[in-house]
Amino acid sequence: MLKIKEGDMVRVIAGKDKGKEGKVTSVDAKHSRVIVDGVNKVSKHMKPTMANQSGGIIEQEAPIHISNVMYLDNGEPTRIGFTFQGENAKGKPIKHRVAKKSGRIID
């Protein structure tokens with residue numbers, strides 16, 4: 001289970017975009033990478049296709065390693081831990097993400 005999920009607000013803590021904040025649009029768990037809205041923009045040369053008649057150079061977000069982003073809890077970067085609280089219908093404990101700085105349950 002990854003500590004950063006799709007839809008989380010994160011701050012970049014390393015690299016050329018250090019200090020920028022954005023929302024996670026997708027997560028690649030296999031390669032431990034995330035795509036953050038407005039961060040790590042690259043220029044890509046596109047060939048003309050049926051969908052994109054003109055082609056040309058477009059800007060898009062490239063993946064960034066998950067270790068280079070930090071979860072934002074009320075605007076403050078914090079580490080994330082896990083805790084077990086409550087039980088589901090089968091009697092198994094439910095795992096929740098917890099912000100280490102505030103102790104608040106994220107989900």
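Only this structure's heavy atoms are used, side chains among them; waters, hydrogens and symmetry mates stay out.
- A 4.5 Å side-chain heavy-atom check between V36 and I64 finds at least one atom pair inside the cut-off.
- With hydrogens and angles disregarded, no donor-acceptor distance shorter than 3.5 Å links the side chain of R11 to the backbone of L72.
- When atom types are taken as modelled, the side chain of T78 and the backbone of D73 share no donor-acceptor pair closer than 3.5 angstrom.
- The shortest distance between side-chain heavy atoms of K5 and D107 falls below 4.5 Å.
- Among all heavy-atom pairs drawn from I106 and A99, the shortest one is CD1-N, 3.9 Å.
- Hydrophobic clustering places V12 together with I4 (ILVMFWY residues linked when any side-chain heavy atoms are closer than 4.5 Å, directly or through intermediates).
- Between the side chain of D8 and the backbone N or O of V10, no donor-acceptor pair lies under 3.5 Å.
- The local environment of CZ in R79 is sparse, with at most 12 non-hydrogen atoms from other residues, nucleotides or ligands closer than 6.0 Å.
- For the residue pair K16 and K41, the shortest heavy atom distance occurs at NZ-O, 3.6 Å.
- For the residue pair R33 and H65, the shortest heavy atom distance occurs at NH1-N, 3.5 Å.
- To the nearest 0.5 Å, the span separating CZ on F84 from NE2 on H96 amounts to 10.0 Å.
- D17 contributes a side-chain N or O that, together with a main-chain N or O of N40, makes up a donor-acceptor pair within less than 3.5 Å.
- Note that the CE atom of M70 and the CE atom of M9 stand 15.0 Å from one another [nearest 0.5 Å].
- A donor-acceptor distance shorter than 3.5 angstrom exists from the side chain of T25 to the backbone of I35, with no hydrogens or angles considered.
- At most 12 non-hydrogen atoms from other residues, nucleotides or ligands lie less than 6.0 angstrom from NZ of K18.
- Not one N or O on the side chain of E6 forms a donor-acceptor pair closer than 3.5 Å with the backbone of S26.
- Considering all non-hydrogen atoms of both residues, E76 and K101 come closest at OE1-NZ, 3.8 Å.
- Heavy-atom contacts from other residues, nucleotides or ligands closer than 6.0 Å to NZ of K92 number 12 or fewer.
- A distance of 13.5 Å separates CZ of R97 from OG1 of T83, quoted to the nearest 0.5 Å.
- Considering all non-hydrogen atoms of both residues, S43 and I57 come closest at CB-CG2, 3.8 Å.
- Going from atom NZ of K47 over to atom OG of S54 covers 15.0 Å, rounded to the nearest 0.5 Å.
- Neither V34 nor I13 shares a network with the other; the hydrophobic side chains, linked directly or stepwise wherever heavy atoms of I, L, V, M, F, W or Y lie under 4.5 Å apart, form separate groups for each.
- Under the 3.5 Å distance criterion, the side-chain polar atoms of K100 are left unmatched by any main-chain donor or acceptor of G81.
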